[in-house]
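Note sheet for the following structure.
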Amino acid sequence: MSRYAAPEEYGALYPDEEITQQELDRAEDDVNALTFGRAEAYADDFPARIREILTRAVCMQAHWLHEYGAMLDNPLSSYGINGVSMSWREDAVVRRGGVVTSNQVYALLTTAGLTYRGFDWRCPS
């Protein structure tokens with residue numbers, strides 16, 4: 001069962017795609033890690049606008065994983081064959097605590113104050 005986003009919410013953002021529950025669960029785990037556990041700890045206490053941002057971020061991360069998950073799970077830092085190679089643009093991805101995500105997902109979480117690293121963080125009311 002999803003904690004922050006349901007398959008229907010994903011379908012509303014990406015109507016031409018289907019998502020597996022496994023991808024949605026992994027996206028939720030990633031978002032929770034990117035928010036230093038705040039998403040899980042305070043989800044019920046967040047105001048509606050922050051919950052909407054959290055849901056959207058999870059859906060966007062699930063889409064990111066759906067599109068690029070196989071490449072993200074690959075332990076190689078680069079790969080080339082017959083003169084063709086592929087690598088991630090460093091300005092196109094964000095890497096935090098073992099999670100790789102798009103700039104858009106991280107920026108969305110940042111607008112809600114959920115990526116703040118300080119100890120004096122307070123749950124938005």
Side-chain angles (χ1 to χ4, degrees):
M1 187 66 175
S2 298
R3 296 169 291 199
Y4 325 126
E8 303 80 41
E9 292 165 313
Y10 179 88
L13 280 175
Y14 303 100
D16 295 333
E17 295 186 24
E18 291 185 24
I19 194 75
T20 66
Q21 187 63 48
Q22 182 180 7
E23 288 170 313
L24 202 54
D25 290 344
R26 180 173 172 196
E28 289 179 346
D29 291 341
D30 286 352
V31 166
N32 194 48
L34 290 168
T35 63
F36 307 104
R38 295 175 184 138
E40 186 171 33
Y42 298 102
D44 294 335
D45 299 329
F46 288 143
R49 180 65 184 135
I50 302 297
R51 284 195 305 270
E52 289 172 19
I53 289 172
L54 191 58
T55 297
R56 188 165 178 213
V58 168
C59 291
M60 290 169 67
Q61 179 67 6
H63 179 71
W64 169 261
L65 292 172
H66 183 76
E67 293 292 314
Y68 303 110
M71 290 182 273
L72 295 171
D73 288 336
N74 191 328
L76 299 174
S77 62
S78 65
Y79 180 76
I81 187 167
N82 292 333
V84 176
S85 64
M86 187 191 99
S87 62
W88 292 101
R89 278 190 8 239
E90 287 303 313
D91 65 336
V93 296
V94 174
R95 299 172 195 272
R96 297 284 186 275
V99 175
V100 181
T101 191
S102 69
N103 285 331
Q104 292 83 8
V105 171
Y106 196 75
L108 187 59
L109 293 170
T110 299
T111 64
L114 297 172
T115 59
Y116 177 68
R117 292 177 177 252
F119 289 110
D120 57 341
W121 182 86
R122 292 191 176 98
C123 179
S125 51

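Being a predicted model, the structure only gives us computed values, none of them experimental.
- Annotation: the span from Leu54 atom CG to Arg49 atom CZ amounts to 11.5 Å, rounded to 0.5 Å.
- A heavy-atom distance below 4.5 Å is found between the side chains of Thr111 and Ile53.
- With rounding to the nearest 0.5 Å, the separation of CG in Asp44 from CZ in Arg51 is 8.0 Å.
- Atom-to-atom distance recorded for Asp30:CG and Thr35:OG1 is 10.5 Å, nearest 0.5 angstrom.
- Contact annotation: the side chain of Ser102 never approaches that of Val94 to less than 4.5 Å [non-hydrogen atoms, C-beta and beyond].
- Nearest heavy atom pair, residue Cys59 against residue Leu13, reads CB-CD1, 3.5 Å.
- Inter-residue side-chain proximity for Phe46 and Leu114 is flagged as met; some heavy-atom pair is nearer than 4.5 Å.
- With rounding to the nearest 0.5 Å, the separation of CD in Glu23 from CG in Leu65 is 7.0 Å.
- A donor-acceptor contact shorter than 3.5 Å is absent between the side chain of Arg95 and the backbone of Val100.
- Annotation: Tyr42, atom OH; neighbour count of heavy atoms from other residues, nucleotides and ligands within 6.0 Å does not exceed 12.
- No donor-acceptor pair under 3.5 Å is formed between the side chain of Glu67 and the backbone N or O of Trp64.
- In this structure, Leu24 and Ile19 approach most closely via the heavy-atom pair N-CG1, 4.3 Å.
- In the hydrophobic clustering of ILVMFWY residues, with side-chain heavy atoms under 4.5 Å counting as a link, Phe36 and Val99 come out apart.
- A distance of 10.0 Å separates CZ in Arg56 from CD in Gln104, rounded to the nearest 0.5 Å.
- A cation-pi arrangement, defined by a distance under 6.0 Å to the six-membered ring centre and an angle within 45 degrees of its axis, is present between Arg96 and Tyr106.
- With no hydrogens or angles considered, no side-chain donor-acceptor pair links Glu52 and Thr55 at under 3.5 Å.
- At distances below 3.5 Å, at least one donor-acceptor pair connects side-chain atoms of Glu28 with backbone N or O atoms of Ala5.
- For the ring pair (Phe, Tyr, Trp, His ring centres under 6.0 Å) test, residues two or more places apart in sequence or in another chain that qualify with Tyr14 are Tyr10, His63.
- Residue-environment remark: CD (Glu17) exceeds the threshold of 12 foreign heavy atoms within 6.0 Å.
- Residues Tyr4 and Glu40 meet the side-chain proximity criterion, which asks for heavy atoms closer than 4.5 Å.
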